[in-house]
A.B. asks: 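Here it is, the structure, as C-alpha cells.
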Amino acid sequence: MKTIHWVVVCLMSTMAGASYGADGNWTNFAAGPHSWFDVDCWSNGIVANGSGTTMAFVSRTAGDITILIDDDLTLGGIISNTVIVSQTLLGVDGHRLTVENEGTAIFNLGASQNNPKIWVPLVLSNTDLQLTKTVSGSRSNTILLGGGISGVGNVELYLETSAAERYYPVQYIVTNTPLTFTGTLTLTGVLIGTLTERTLLTNAWFEMYTTNLCSGGTMINGAYVKANTEGAFGTKSVRLTSTARLDLQKSLVLEGGSDLYLMSDANGSSKVYLGVADSTNVVQCLYLNGVKQSTGIYSAGTHPQYFAEAGVLKVKGEKQTVLLLN
C-alpha cells in the first residue's frame, strides 16, 4: 500500500477562478503535488476556504497524495473517510491555518491505518477545536501535532480504540511548538475492552514533548498520558478523571496557585506515576476526590491508591499573605 502525504506547504501565488466560502469536496487523488486552491482538485471547483467551511475527502483510496497550501487558510472542519496511510500538514514561511466556526470545529482524522502529521500553526478564532481519531485495524497510528496552537478557544484531542488494537502504539504526540491558546486542553481516551495497566502505559495514548501554556490548564479524561518535558503542563492546574493515568518522565512543577486534582469512583482511581527515586514533583495544592489535602510529601508509600513508582510529590499549600503594619 502506498503512503498518502497530506502536506500543507504555504507559498505565495494567485488563485484565480476559485469559489470560496462553502464546503468543499476534494476529488483529485493523483499523487500530486497539488495546490489546495487548484479548482480542478475540488468538486464543482468549490474550494474549502472560509469561516465555517469543511474540507472532505469524498472517496476511499490508497496512494501518495501531496497537497500544498499556497496561502493562509481558514476552515471550520475536516472530514476524512479515505483509506490513508499518512497525512502531513506542513506550514512554512509563517503561514497558518485559522480555525473558525460557529460551533465546535471538528477535525476528523479518520479511522483507517494512517499517521496524520499537523505541522502548520493552528490559530483558534474564538472557536473550540476537537481533533478526533478512531483507530480501526491492528496497525500503529501516530497523530503528530508540531505546529503549535494559539488564539482563543478550548482544544480536545480525542482518541478511541479497542483493547485488541492497544497492543500496537496508537497515540497523539504533541511536540516542537508550545501551546499558547486561551482555553483548556482536554486529552480524552476511550478504550473499548480492557488491558493490563503496564500494557496501557507502554502504549501511551498521549505524549507531551512541548510546553503547554494554555490558560485554562489540562484535563486528562480517561486517557494515559506521558509527560516527557518539565513544562508539559505549564503552571496551570491538572485534573485527572478516575480512569486516567499520568506517567511523569520529567518532574511535574505546578506552583503559583496551580493544583493537582485526582479522582476515585466505582470505575477506579486516578493514578500518577511519580518517576524514579530522586524525582521531586511539586504542586501548590492537592485534591483527592474533591478533598483538599494537607501540605507535605506524598508517594506510593503514603497513598498507593493514587501514586506509583519511587518518586515523591511535594504539596506546598496555599501561599500566605503577610501584612506589615507600621
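We number each residue from 1, following the sequence as shown.
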A.B. asks: Counting distance only, does the side-chain N/O of Thr177 pair as donor-acceptor with the main-chain N or O of Gly146 below 3.5 Å?
C.D. replies: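 It does hold such a pair.
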A.B. asks: Is it true that a side-chain atom of Ser269 and a backbone atom of Ser264 form a donor plus acceptor pair closer than 3.5 Å?
C.D. replies: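 No, the answer is negative, given that no donor and acceptor are paired below the 3.5 Å cut-off.
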A.B. asks: At what distance, to the nearest 0.5 angstrom, does CH2 of Trp36 lie from CG of Asn49?
C.D. replies: 8.0 Å
A.B. asks: Among Ile, Leu, Val, Met, Phe, Trp and Tyr joined by side-chain contacts under 4.5 Å, find the other residues sharing a cluster with Tyr287 and list them by chain and number.
C.D. replies: Tyr261
A.B. asks: Are the side chains of Asn28 and Asp38 in touch, meaning some heavy atoms are under 4.5 Å apart?
C.D. replies: no
A.B. asks: Between Thr53 and Leu75, is there a donor-acceptor pair closer than 3.5 Å when you use the side chain of the first and the backbone of the second?
C.D. replies: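 Checking the backbone N and O of Leu75 against the side chain of Thr53, no donor-acceptor pair under 3.5 Å is found.
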A.B. asks: Taking Met263 as the starting point, is it possible to reach Leu248 by hopping between hydrophobic residues whose side chains are less than 4.5 Å apart?
C.D. replies: no
A.B. asks: Using side-chain heavy atoms (C-beta onward) and a distance below 4.5 Å, is Tyr306 in contact with Asn289?
C.D. replies: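 Yes. Closest side-chain heavy atoms under 4.5 Å.
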A.B. asks: Distance check, rounded to the nearest 0.5 Å: Leu179 atom CG versus Ser150 atom OG?
C.D. replies: 10.0 Å
A.B. asks: Is the shortest side-chain heavy-atom distance between Tyr158 and Val190 below 4.5 Å?
C.D. replies: yes
A.B. asks: Do Val283 and Leu313 pass the side-chain contact (heavy atoms from CB on, under 4.5 Å) test, and can you show the C-alpha distance, the side-chain angles, and the key distance before you say yes or no?
C.D. replies: CA-CA 7 Å; Val283 298; Leu313 178 73; 3.9 Å; yes
A.B. asks: Is there a side-chain contact (heavy atoms from CB on, under 4.5 Å) between Leu122 and Leu129 once you walk through the steps?
C.D. replies: CA-CA 10 Å; Leu122 302 178; Leu129 171 64; 4.0 Å; yes
A.B. asks: Please determine whether side-chain contact (heavy atoms from CB on, under 4.5 Å) holds for the pair Cys214 and Lys236, giving the CA-CA distance in whole Å, both sets of side-chain angles, and the decisive distance to 0.1 Å.
C.D. replies: CA-CA 8 Å; Cys214 67; Lys236 301 300 180 182; over 6 Å; no
A.B. asks: Do Thr229 and Thr210 come close enough that some side-chain heavy atom pair is under 4.5 Å?
C.D. replies: no
A.B. asks: Salt bridge (Lys or Arg N to Asp or Glu O under 4.0 Å) with Lys314: which residues, sequence neighbours excluded?
C.D. replies: none
A.B. asks: Rounded to the nearest 0.5 Å, how far does CG of Asn108 lie from NZ of Lys133?
C.D. replies: 8.5 Å
A.B. asks: Take Leu187 and Tyr172 through the test side-chain contact (heavy atoms from CB on, under 4.5 Å) and record every step on the way to the result.
C.D. replies: CA-CA 9 Å; Leu187 307 175; Tyr172 282 83; over 6 Å; no
A.B. asks: Between Asn228 and Tyr209, is there a donor-acceptor pair closer than 3.5 Å when you use the side chain of the first and the backbone of the second?
C.D. replies: no
A.B. asks: How long is the straight-line distance from CD of Glu309 back to NZ of Lys271, given to the nearest 0.5 Å?
C.D. replies: 10.5 Å
A.B. asks: Could you tell me how the ring of Tyr298 sits relative to the ring of His303: parallel (under 30°), tilted (30 to 60°) or perpendicular (over 60°)?
C.D. replies: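 Correct class here is tilted.
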A.B. asks: Using distance alone, with no hydrogens and no angle criterion, decide if Glu156 and Thr188 have a side-chain donor and acceptor under 3.5 Å apart.
C.D. replies: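 Yes, Thr188 and Glu156 have a side-chain donor paired with an acceptor closer than 3.5 Å.
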A.B. asks: Does Met219 belong to the same Ile/Leu/Val/Met/Phe/Trp/Tyr cluster as Leu124, with side-chain heavy atoms less than 4.5 Å apart forming each link?
C.D. replies: no
A.B. asks: Which residues end up grouped with Ile297 if you chain together Ile, Leu, Val, Met, Phe, Trp and Tyr wherever their side-chain heavy atoms are less than 4.5 Å apart?
C.D. replies: Val312
A.B. asks: Check whether any side-chain N or O of Asn44 sits under 3.5 Å from a backbone N or O of Ile46 as a donor-acceptor pair, and report yes or no.
C.D. replies: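 A pair under 3.5 Å: no.
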A.B. asks: Starting from Leu288, can I reach Leu274 by hopping between I/L/V/M/F/W/Y residues whose side chains sit under 4.5 Å apart?
C.D. replies: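 Yes.
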A.B. asks: Using a 4.5 Å cut-off on heavy atoms from C-beta on, say whether the side chain of Ile149 contacts that of Leu185.
C.D. replies: no
A.B. asks: Please report the interatomic distance CD1(Ile143) to CD1(Ile118), rounded to the nearest 0.5 Å.
C.D. replies: 9.0 Å
A.B. asks: Is the closest side-chain donor-acceptor distance between Asp128 and Gln130 under 3.5 Å?
C.D. replies: no
A.B. asks: Any side-chain heavy-atom pair from Phe307 and Leu262 closer than 4.5 angstrom?
C.D. replies: yes
A.B. asks: Rounded to the nearest 0.5 Å, what separation is found between the OG1 atom of Thr218 and the CG atom of Leu260?
C.D. replies: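 Those atoms lie 11.0 Å apart.
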A.B. asks: Tell me whether Ile106 shares a hydrophobic cluster with Val99, the cluster being built from Ile, Leu, Val, Met, Phe, Trp, Tyr side chains joined at under 4.5 Å.
C.D. replies: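 No, it is not one cluster - the side chains of Ile106 and Val99 are not joined through contacts under 4.5 Å.
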A.B. asks: For the pair Ser270 (side chain) and Thr241 (backbone), establish whether a donor and an acceptor sit closer than 3.5 Å, ignoring hydrogens and angles.
C.D. replies: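 Yes, the answer is positive, given that a donor and an acceptor are paired below the 3.5 Å cut-off.
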A.B. asks: Does one hydrophobic cluster hold both Phe37 and Trp26, with members joined at side-chain heavy-atom distances below 4.5 Å?
C.D. replies: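 Yes: a chain of side-chain contacts under 4.5 Å links Phe37 to Trp26.
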